[in-house]
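Okay, structure first, notes after.
All values below were derived from every heavy atom in this structure, side-chain atoms included, with hydrogens, water molecules and symmetry-related copies excluded. Below, chain A is the first sequence line, B the second, and so on; all start at residue 1.
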Amino acid sequence: MASKDDAMNVDYDVSQPQVMFQFYKRLYPYQAIFHWLNQDHAPSRLFTHREFAFTLQGDVYLRYQSFATAEEFQREVCRRSPTRFEIGAIYNARPKDKKVMRPGALQPQRRELVFDIDMTDYDSVRTCCTDKKICARCWGFIAAAVRVLDSGLRNQFGYRQLLWVYSGRRGIHCWVSDAAAMDLTDDQRRALMAWLEVVKGSKDTAKKVNVRFKNGELHPALSSAVRILNPKEGDPATRWNFDGLILHDQDCFKNQEQWEDLLKLLGNADIADSLRKTWQSDTERTSRRKWEDLVKELRKRDKKTQSSVLHAMEEIILQYMYPRLDMEVSKHRNHLLKAPFCVHPSTGRVCVPVDPATVDDFDPERVPTVGQLLSELDRLDGVPGGWEKTSLKPYVEMLERHAQGIIQEARQGRKAAQSLEF
Amino acid sequence: MISREKRAAASAAASPYAHLTYQHRLNFYDEPPRYNITLDEFESCAIDRLRILSEIESCLARNRSPEDMKTVIDAQCRKFLPLDANTASKLVDVDAQRKRDHLGHFVLRLAFCRSEELRRRFVKSETMLFRIRYELADQNEVNQFLESKKFAWEKASNGELQSLKSELIAVHPRLPWPENGSPPAYYKVNWTSVPDLVAQRKVLLRLGKAYVPATEQESIVLQEFQERIESNLDRTAKALPRLDEDDRILPILGHLADGLLAGIPMDSSFAVTEGDGVTITADMIEDLSRKHFPLCMRNLHDNLRKDKHLKHAGRLQYTLFLKGFGLTLDEAIVFWRKSYRGGKVKDDDFNKEYKYNIRHSYGQEGKRADYPPMNCARIITSQQPSAQESHGCPFKHFSIENLDTALLTKYGSCGMNSSALPEINKYVKDGHYHVACTRVYEITHNIRKGEGLGGGESVTHPNLY
């Protein structure tokens with residue numbers, strides 16, 4: 001049996017056009033994508049008026065592609081064999097007709113609510129990898145962000161049709177397909193993002209979280225977020241919480257520069273001085289120990305100091321772990337976002353859906369690559385078959401299940417609207 | 001069980017105001033007016049409303065405080081678009097007032113639905129007008145109005161509120177929860193009805209519903225108003241081409257649109273009065289021009305001095321202005337003759353060519369029409385000046401550098417300095433030329449910002465200077 005390391009075979013260099021062509025011909029799940037976007041079995045405007053954008057070899061960028069059926073979609077993707085392609089909004093006319101329309105006549109109308117979380121936004125806090133690298137450990141930041149955002153979107157906004165997709169290298173996307181979400185205008189998306197945004201500021205900003213009311217309290221939504229990130233006794237156990245990720249695995253307060261950052265955020269020079277004495281002399285002290293030191297030190301102080309520093313500690317938890325969202329991606333309906341199941345050109349990994357229930361155990365280094373999948377097809381030895389005979393199967397089924405759920409809900413929505421017309 | 005409609009009709013009939021066509025002075029403008037009116041009424045109620053909307057735009061551009069704005073607009077409304085409550089004296093025909101208000105809105109809607117910019121400005125100023133009126137009305141009035149509109153707001157049940165008690169208190173700590181009584185009143189609305197409150201995390205969200213304290217009602221109502229206007233504008237724009245109405249209405253609508261773009265209604269005229277007893281002679285013009293002329297007229301005057309000549313459009317604009325300023329016909333002739341002396345035109349030629357025109361402007365020749373001096377709107381929107389010409393509005397037609405230079409050289413001695421320029425430039429960039437002109441007036445006459453020409457008014461006519 002070929003080992004996992006053979007997966008990125010030299011034979012399957014993803015930059016060779018032949019490889020992508022094979023991928024699109026035999027592996028890409030067009031039907032599932034069609035069902036998911038179209039929200040119905042027969043083509044509707046949600047598909048026919050949908051913009052696709054292809055990136056071809058040589059960085060040629062083709063916008064305003066649209067297709068009448070899933071078959072036409074498949075034909076065109078196979079013909080063009082793009083290195084990647086993106087999905088945009090549903091317009092008021094077929095995007096491919098743009099050239100024969102009056103300028104400005106083509107307007108975006110509906111579009112899933114989308115989110116993009118990228119690991120590079122966490123470079124200032126993660127310690128195991130930097131830049132383009134990612135591993136199962138720093139994935140913990142993404143996992144925590146997914147748990148907070150998934151809960152927020154469901155509990156606060158009532159959305160139910162959420163699809164989480166690995167972005168192929170170092171991040172994750174979320175697509176919300178509820179009818180109410182599809183209808184959101186740009187202004188409403190902006191308001192929603194303002195509600196969600198907590199961590200603000202560039203790498204030069206020391207304190208990036210300033211979200212309390214004038215009376216010092218946190219909004220209940222943010223208290224929930226803190227609780228998800230730092231569960232209490234009796235809460236469901238998670239691997240990547242503040243203790244597990246920040247204090248233990250990433251050891252974010254190990255060296256002096258790092259724990260000085262922490263001390264600055266406490267907002268209390270007195271406590272900072274006491275802790276500094278201990279930490280300066282013990283360079284091996286773990287972040288877990290340091291946090292315990294902080295708690296002990298705090299117990300010696302008066303109620304007012306305790307309250308203020310506890311508040312600061314909550315904000316530290318948010319600053320290190322609350323989802324860092326790309327605001328621009330979510331605000332505009334016409335923003336183009338990479339399609340699920342595309343192949344990442346550098347890593348060869350397929351952008352597969354991620355189940356939020358098991359996001360803590362997701363390992364980006366074990367995501368199927370195009371090389372691995374094509375090798376699996378080779379081993380079929382001439383027996384016909386596509387994705388369903390490879391490691392891609394569970395992922396496609398995840399998308400298909402999700403799409404069927406959307407189709408059901410859309411159908412019920414239509415029935416309800418019709419009955420009102422009497 | 002009596003149906004909801006019957007009950008509503010019964011309560012309306014029982015109300016002492018049942019005889020009124022318009023039950024409330026607040027209006028969402030959902031229904032178009034359905035009666036006949038004269039063309040005059042059509043135009044005049046629109047112009048009055050435009051006056052108010054333009055004043056609102058001015059106030060916003062000048063960053064007035066909400067309190068100030070309410071006072072100013074309220075005063076303007078009393079003058080041009082009065083709208084009294086049901087409780088006003090019997091002498092006031094509230095129905096007629098509301099009819100004018102209603103009509104004016106719909107005419108302007110027709111005039112402004114065609115372009116993105118006009119629509120945006122219309123929505124913004126109409127929403128502000130509604131807000132001012134809403135805030136000036138008393139709570140009873142507001143409640144009755146809202147009830148009549150059947151807002152689809154749920155009142156959150158007490159049971160539900162109790163279960164959310166701690167979270168609600170966290171978000172609205174100053175809202176009292178009586179010890180043993182029922183919780184404070186909350187509405188449960190779709191979060192999209194209150195995007196501003198959501199963006200600031202000022203409400204509790206649960207499953208897409210926002211829990212809004214009844215005290216925040218205004219925010220919801222305003223949002224509703226704005227949305228309705230926007231969608232109605234959309235519908236109006238689509239219906240417009242089918243209005244194969246005629247040469248009577250379309251020109252009026254066109255003028256109204258110009259009026260908003262120029263910032264003032266087309267009709268603001270300036271009656272030529274006899275003056276306050278000071279007779280202006282030709283010699284005085286030079287000195288008076290330095291401080292008391294708006295930039296457009298300074299420009300014309302200085303160019304006249306420099307070239308000893310002005311082209312027709314400039315001459316016309318300036319002559320009429322001087323007439324309004326108080327210059328008599330004879331003095332005018334003296335002034336122009338002196339101005340042209342030494343230039344290309346000889347005295348005799350002057351008599352032949354120009355004297356007639358001056359006399360015509362004063363209504364002494366030809367059809368003897370007494371032309372009023374042009375107001376700002378006309379000056380801004382009529383023909384663009386070309387290279388040799390100097391008429392028009394400098395705030396609109398000059399490039400920014402030229403404008404800045406002109407302001408500094410011409411008004412430098414009156415207190416204009418470069419620190420004021422960025423602000424004025426901003427007004428110009430936003431298209432609020434009359435606000436820029438007003439600001440210049442404030443600076444050169446040492447008047448507090450916001451006072452304008454007295455009582456907060458902005459420049460709508462050169463002679464008002």
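Enclosure of atom CZ in Arg324(A) by more than 12 non-hydrogen atoms of other residues, nucleotides or ligands within 6.0 angstrom is indicated. Remark: Lys98(A) NZ is loosely packed, at most 12 non-hydrogen atoms of other residues, nucleotides or ligands lying under 6.0 Å away. By the 6.0 Å contact criterion, NZ on Lys124(B) is open, its count of non-hydrogen atoms from other residues, nucleotides or ligands being 12 or less. Crowding of Lys202(B) atom NZ: a count of heavy atoms from other residues, nucleotides or ligands under 6.0 Å not exceeding 12.
With hydrogens and angles ignored, the 3.5 Å screen pairs a side-chain donor or acceptor of Arg201(B) with a backbone N or O of Trp195(A).
If you tally non-hydrogen atom pairs under 4.5 Å between each of Asn190(B), Asp196(B), Val203(B) and chain A, the highest count goes to Val203(B). Of all the listed residues (Glu217(A), Glu197(A), Arg160(A)), the one sharing the greatest number of non-hydrogen pairs under 4.5 Å with chain B is Glu197(A).
Note that CG of Asn155(A) is 11.0 Å distant from CG of Leu205(B), once rounded to the nearest 0.5 Å. One distance of note links CZ of Arg174(B) with CZ of Phe213(A); it measures 11.5 Å at 0.5 Å rounding. Leu207(B) contributes atom CG, which lies 11.5 Å from atom OH of Tyr159(A) (distance to the nearest 0.5 angstrom).
Looking at Asn215(A), only its side chain comes within 4.5 Å of chain B, counting heavy atoms on both sides. Interface residue Arg154(A): only backbone heavy atoms are found under 4.5 Å from chain B. The contact between Leu222(A) and chain B is made entirely by side chain atoms (from C-beta outward), counting heavy-atom distances below 4.5 Å.
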request  = Output, in order, the C-alpha distance, side-chain angles, deciding distance and verdict of side chain to side chain contact (heavy atoms under 4.5 Å, CB included) for His219(A) and Val171(B).
outcome  = CA-CA 6 Å; His219(A) 189 286; Val171(B) 185; 3.8 Å; yes

message = Under the criterion side chain to side chain contact (heavy atoms under 4.5 Å, CB included), I'd like the reasoning laid out for Leu192(A) against Val198(B): C-alpha separation, chi angles, the key distance, then a yes or no.
response = CA-CA 7 Å; Leu192(A) 189 145; Val198(B) 168; 5.8 Å; no

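Nearest heavy atoms, Ala199(B) versus Ala194(A): O-CB, 3.5 Å. Here the closest heavy-atom approach between residue Ala191(A) and residue Trp191(B) is recorded as CB-CZ3, 4.3 Å.
Within residues 160-168 of chain B, the residues having any heavy atom closer than 4.5 Å to a heavy atom of chain A are Glu167(B), listed by residue number.
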